[in-house]
Amino acid sequence: QVQLVESGGGLVQAGDSLRLSCAASGRTFSSYTAGWFRQAPGKEREFVAAVIWSGGSTYYGDSVKDRFTISRENAKNTVILQMNSLKPEDTAVYYCSARYGPLYSTRPSDYEYWGQGTQVTVSS
């Protein structure tokens, strides 16, 4: 079992930055792919970014490419989502997730473990 705990959400203005963290416990991330998804009210859960822990390959959704960066901190068993140039349309609950194996997916159903989510609100 993997337990995931997100932190770092909040209320910011358009153009600001936020850094989300996801700490894993129970098992190390070394054999997993870690992902971030987000869900706005009335919308489906959307893929944001993923990192394959072994090797560090990263992948991004089109709406966040060139603004968001996903990274991993091996020693802390933590995955980071650095969000820059935030827009009001980035407002959502952001979820950390993990799936076993070195293969990313944009489908939420492919991820076995989820955090409780952290709210990000971007005002215009």
Side-chain angles (χ1 to χ4, degrees):
Q1 285 288 343
V2 175
Q3 292 80 43
L4 303 174
V5 178
E6 303 100 334
S7 60
L11 171 63
V12 297
Q13 293 186 333
D16 285 350
S17 299
L18 269 180
R19 185 174 183 264
L20 304 183
S21 297
C22 174
S25 61
R27 293 190 178 180
T28 65
F29 263 137
S30 60
S31 299
Y32 289 79
T33 295
W36 285 96
F37 288 78
R38 66 187 183 185
Q39 190 165 18
K43 295 188 176 180
E44 293 186 352
R45 195 162 292 193
E46 175 191 14
F47 171 75
V48 174
V51 57
I52 298 176
W53 208 264
S54 174
S57 296
T58 58
Y59 305 88
Y60 297 93
D62 289 340
S63 61
V64 306
K65 206 171 293 184
D66 299 325
R67 298 189 298 124
F68 291 10
T69 303
I70 189 170
S71 60
R72 68 202 198 284
E73 296 182 352
N74 290 339
K76 297 180 180 179
N77 211 33
T78 296
V79 61
I80 304 296
L81 185 68
Q82 178 65 43
M83 305 186 295
N84 298 329
S85 302
L86 283 162
K87 304 175 181 179
E89 51 264 43
D90 294 319
T91 295
V93 177
Y94 283 70
Y95 296 92
C96 178
S97 60
R99 65 176 305 207
Y100 186 77
L103 184 64
Y104 97 103
S105 171
T106 62
R107 298 186 303 183
S109 59
D110 287 336
Y111 289 77
E112 298 141 57
Y113 304 102
W114 292 87
Q116 82 287 353
T118 185
Q119 177 71 47
V120 171
T121 303
V122 184
S123 64
S124 57

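Each residue takes its place number in the sequence, starting with 1. Just so we're clear, the structure is a prediction, and the values are computed from it rather than from any experiment. Side chains included, hydrogens not; waters and symmetry mates left out as well; all remaining heavy atoms used.
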Quick check: W53 with F29 (ring centres under 6.0 Å apart)? yes
Identify the two heavy atoms, one from G117 and one from V93, that lie closest to each other, and give their separation to 0.1 Å. CA-CG1, 3.8 Å
Does atom CD of E73 have more than 12 heavy-atom neighbours from other groups under 6.0 Å away? yes
Quick one: pull up OG in S54 and OH in Y32 and give me the separation to the nearest 0.5 Å. 14.0 Å
Is it true that the side chains of E112 and S97 contain a donor and an acceptor less than 3.5 Å apart? no
Aromatic Y95 / basic R38 pairing, under 6.0 angstrom, 45° off normal: no
Is the side chain of Q82 donor-acceptor paired with the backbone N or O of R19 at a distance under 3.5 Å, no angle test? no
For F68 and W36: C-alpha separation, side-chain torsions, deciding distance, then whether ring-ring contact (aromatic ring centres under 6.0 Å, His included) applies. CA-CA 11 Å; F68 291 10; W36 285 96; 9.9 Å; no
Dump the intermediate steps for side chain to side chain donor-acceptor pair (under 3.5 Å) on S63 and E46, then the final yes or no. CA-CA 10 Å; S63 61; E46 175 191 14; 3.1 Å; yes
Quick one: do I70 and Y59 satisfy side chain to side chain contact (heavy atoms under 4.5 Å, CB included)? Show the steps, please. CA-CA 8 Å; I70 189 170; Y59 305 88; over 6 Å; no
Evaluate the criterion side chain to side chain donor-acceptor pair (under 3.5 Å) for residue pair Y111 and R99; output intermediate values, then yes/no. CA-CA 5 Å; Y111 289 77; R99 65 176 305 207; 5.6 Å; no
Which atoms form the tightest heavy-atom contact between N84 and S17, and what is the distance? OD1-OG, 2.9 Å
